[in-house]
Amino acid sequence: MSRQLKFNIFRYNPQDPNSVPHTDSFWLDETPSLTLFIALNRLREEQDSSLNFDFACRMAICGSCGMVINGRPGLACRTLTSDLPGEITLMPLPVFKLVGDLAVDTGTWFRATNEKIESWIHTDQEFDPEALEERMENDLANSIFELERCIECGCCVASCGTANMRADFVGAFALNRVARFVMDPRDKRSDADYFEVVGTDQGIFGCMGLLACEDVCPRKIPLQDQLGILRRKMGFIGLKNLFRRKV
Amino acid sequence: MAYETFYSDLVCIGAGLAGERVAIEAAAAGFKTILLSLVPPRRSHSCAAEGGMQAALGNCAMGEGDSPDVHFADTVKGSDWGCDQEVARIFADTAPIAVREASHWGMPWNRVEAGKSMCFKGGVCFEVEDKAEKHGLITARAFGGTAKWRTCYTADGTGHTLLYTLDNKVTQLGITVHDRIEAVSLIHDGDRCVGCVARCLKTGKLRVYLSKATLIATGGYGKLYSETTNTVINEGGGHIVALDTGLVPFGNPEAVQFHPTGIVPTNILVTEGCRGDGGTLLDVNQERFMHIYEPEKAELASRDVVSRWMMHHIREGHGVPSPYGPHLWLDIRHLGEKHITTRLREVYDTCIHFLGVDPITQLIPVRPCHHYSMGGVRTNKDGYAYGLEGLFSAGESCCWDMHGFNRLGGNSLAETIVAGRHIGRAVADYLKGAETTLRTDLARQAVARDEERIKRIVSGADGKENVYDVRNAMQKEMMDNVGIFRNGTDLQKAVDNLRELLVRSKKVGLRSSGVGSSPELAMAIKISGMVRMAICVAYGALMRTESRGAHAREDYTARNDRDWLTRTLAYWRNPDADLPTLEYEPASPVFHLPPGDRGYGKCEIICREEMNE
């Protein structure tokens, strides 16, 4: 027998002076292979057309639909209701500015953070359209891709103790991104350059090691390893700097 | 009526790969550029391209002897001679440069590994040996309709990785991005486009962008169909604002591609790379069938051909019954765990999460579904839109027209950065000489008109039609009657029903207040534009009485080069009309490769020569 699902959904429209933050409840008959993508669209089309949420690719690769699902950040599009109890509570991701209901402004946050960590290849070399590409080992290309798989959904940031307390913390996503560039021989930045970017309390030393980021990452990126490697590397440079100053 | 105005040299409507690549070129030339996007740029549909992009590097063993000439010929054959051959030439020549440039910017392309390795074709294993001198260069995999292995890739996350690489470049150059912005109309004086009116999807407010050049790079119009691999934002927004001017034609609207392997029931794409890497299609008896229809190319014929044979095979009663209708199987089990969890990792994840199927040991249920829009805003070979000066288009939204009536797998991702590079330069050149009067009076009129329209929708002044009912009916109509196989009776039915839906679409009224970002209002603003687009597709298909590429008429099965070696140009000149005006132009100004047999997809051809006899 199919279940009747109860949805408790956070509601607030910051553009509407009459709106106050509250929770609305909706009921929906569960159908086979029901995902939160299908469920939320049905609720909007059939029950309340003012319901606001974000989806784009609906196949877990664009990162639009991060939300807090029964207390845990995750991608709504690939969450099957059959994996959840009959009562489902949906909240917007914390840390990011609310657009309305479950929709949050991740774009501004990620762009600003990517600027902060200078998320691009730093090189003096000009591109030569006549030349062959620089060679690279395939294993290295695969290792870079492993970290490049991050889709900036914001789940790691939303689940992060530090990011929830401190607005200036760059979050696991950014540290993983830096680790990706550290690994890439095309980026000519030295470890000391990276230290300037993330060797701070806003960067790697702000991480309290709670590691919810790795638990919730829908891409299963090895954040714990990358944070550890980066912390050791940056710690080493920090000590060197300290020593140098004393001399 | 207070609204904010933003001034720039170039405003790009759309910030996927094509839009960003154009913006990079313009910004690097010193022009102030603003990117507008429905979503943060990294969430654009470009990220969904999986398998790779074609470029004739010829590095891998199976790509040996490849060249832009071979790539050009494959592209023209793939298009069923519907493409502009000058454009296909520019494209094939530029693709290798674009790939290497992306590498220079940080793209982690997979690389050649010297030595022997085992590969599959049609389920049969064979050995390949890559040469030591090519070790470490960018490698490639097989895709459908290609003579060589030419598709460069990063596992099966090529679009994602490329998009991040380009967006990093955009960030580095400090190019302004306004995300959650939707263009509502173009601002023009009948000759020249000077920007657009747009709605902020955070606040709901209208704003104005005034610019010397305006680019449309909004991707495809897949959401005219109910069963599509496209993201929910591919609603043809850019096409609508262009068509609404009455001046800019919609090129080849009827050229719509169906991809062979959408998973059932969610229509999520599994990459052509599955078949390129040796995966096979099986029927209800778990037997291969494509080699019966296509002895040479088998599973790797072009997408239009494979999709048709699959539907044919299902119609013959060989489909696998399921609650969601009959489907076929995609089998990649023989590729093995390592291959599937590395080179086809997204496919693996998709199958596990959305199907509960482990593709290492189980078969994947697939069926053709809508995938790509070959048609679009008609431009010349440098991206200049027909009909309005200062308006450009690039990428899937554009019909410049390199795909004709069928696009080869791996040619769309390639197109985004190749066209972006080429058209970006054309835009920069244009801007060097361009002066324009940024007429605030035109902007004010446009905002007033859009504001009035929105007011009527919110208040329900014209009716209380439910926008979602209209959209769903349109999508169903397109799926049922303007699909893979088409015929006059069904197409006429579609046109008639869509004309009725157009009337209903103009009577849409909101159920909610429409205050703030209001997704219901966003849909309501564009619904009648979407229905007009759908009519263009259906009507274009009805009038084209031949079969060419993805346009397959059951009542006109031959490809007719005598009468139809043409491109459809659909104009919506009268806003109150319920049909577009169709005009035609030659498919290509030159035929370096004269129309002939594609080598796959059995099809009778009515030759041009017959006319002279």
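Just so it is clear, the structure is predicted and the values come from calculations on it, not from any experiment.
Listed by first then second residue, pairs satisfying ring-ring contact (aromatic ring centres under 6.0 Å, His included) with a partner in residues 44-64 of chain A read Phe37(A)-Phe55(A), Phe53(A)-Phe55(A), not counting sequence neighbours. Every pair passing salt bridge (Lys or Arg N to Asp or Glu O under 4.0 Å) that includes a residue from residues 99-128 of chain A is listed here, sequence neighbours excluded: Arg11(A)-Asp101(A), Asp105(A)-Lys202(B), Arg111(A)-Glu115(A). Applying the salt bridge (Lys or Arg N to Asp or Glu O under 4.0 Å) rule to pairs touching residues 129-139 of chain A yields Glu133(A)-Arg100(B), sequence neighbours excluded.
Taking Leu51(A), Thr106(A), Asp48(A), Asp184(A) one by one and counting their heavy-atom pairs under 4.5 Å with chain B, the maximum is reached by Thr106(A). The candidate with the highest count of non-hydrogen atom pairs below 4.5 Å against chain B, out of Ser33(A), Ser19(A), Pro32(A), Cys77(A), is Cys77(A). Of the listed residues His122(A), Lys97(A), Gln125(A), the one with more heavy-atom pairs under 4.5 angstrom with chain B than any other is Gln125(A).
Minimum interatomic distance between Arg186(A) and Gly106(B) (heavy atoms only, all atoms of both residues): NH2-O, 3.0 Å. Contact detail for Asn230(B) and Arg58(A): the closest heavy-atom pair is O-NH2, 3.4 Å. Contact between Ser49(A) and Glu520(B) at its shortest, heavy atoms only, is OG-OE1, 2.8 Å. The shortest heavy-atom contact between Ile61(A) and Ala48(B) is CD1-CA, 3.4 Å. Nearest heavy atoms, Arg78(A) versus Phe354(B): CB-CZ, 3.3 Å. For the residue pair Ile144(A) and Pro108(B), the shortest heavy atom distance occurs at CG2-CB, 3.8 Å.
Between Ser50(A) atom OG and Leu521(B) atom CG the span is 12.5 Å, to the nearest 0.5 Å. If you take NE2 on His160(B) and SG on Cys62(A), they are separated by 11.0 Å, rounding to the nearest 0.5 Å.
A donor-acceptor pair under 3.5 Å is absent between the side-chain atoms of Arg43(B) and the main chain of Gly107(A), judged by distance alone. No donor-acceptor distance shorter than 3.5 angstrom exists from the side chain of His353(B) to the backbone of Thr79(A), with no hydrogens or angles considered. Between the side chain of Asn138(A) and the backbone N or O of Arg111(B), at least one donor-acceptor pair lies under 3.5 Å. Side chain of Thr231(B) to backbone of Ala56(A): a donor-acceptor contact under 3.5 angstrom is found. Under a 3.5 Å cut-off, the side chain of Asn110(B) and the backbone N or O of Asn142(A) do not form any donor-acceptor pair.
Using a cutoff of 4.0 Å between basic side-chain nitrogens and carboxylate oxygens, Arg345(B) and Glu146(A) are scored as salt-bridged.
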### Task
Apply the test side-chain hydrogen bond (donor to acceptor under 3.5 Å, both in side chains) to residues Asn168(B) and Ser119(A): give CA-CA distance (whole Å), side-chain angles for both, the deciding distance (0.1 Å), then the verdict.
CA-CA 6 Å; Asn168(B) 281 339; Ser119(A) 165; 2.9 Å; yes
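Ser143(A) does not touch chain B: none of its heavy atoms, backbone or side chain, sits under 4.5 Å away. For Asn13(A), the part sitting under 4.5 Å from any heavy atom of chain B is the side chain, from C-beta outward, and nothing else. The part of Thr228(B) that comes within reach of chain A is its backbone (N, CA, C, O), which places non-hydrogen atoms under 4.5 angstrom from that chain. Within the 4.5 angstrom heavy-atom criterion, only backbone atoms of Thr266(B) (N, CA, C, O) approach chain A. Residue Met107(B) touches chain A through its backbone alone, counting heavy-atom pairs closer than 4.5 Å. With a 4.5 Å cut-off on non-hydrogen atoms, Leu510(B) does not touch chain A at all. If you measure heavy-atom distances from Leu132(A) to chain B, the contacts under 4.5 Å come from both the backbone and the side chain. There is no contact between Asp469(B) and chain A, counting heavy-atom distances below 4.5 Å.
Below 4.5 Å, heavy atoms of chain B meet heavy atoms from Glu148(A), Arg149(A), Cys150(A), Ile151(A), Glu152(A), Cys153(A), all part of residues 147-154 of chain A.
Within 6.0 Å of NZ in Lys338(B) there are 12 or fewer heavy atoms belonging to other residues, nucleotides or ligands.
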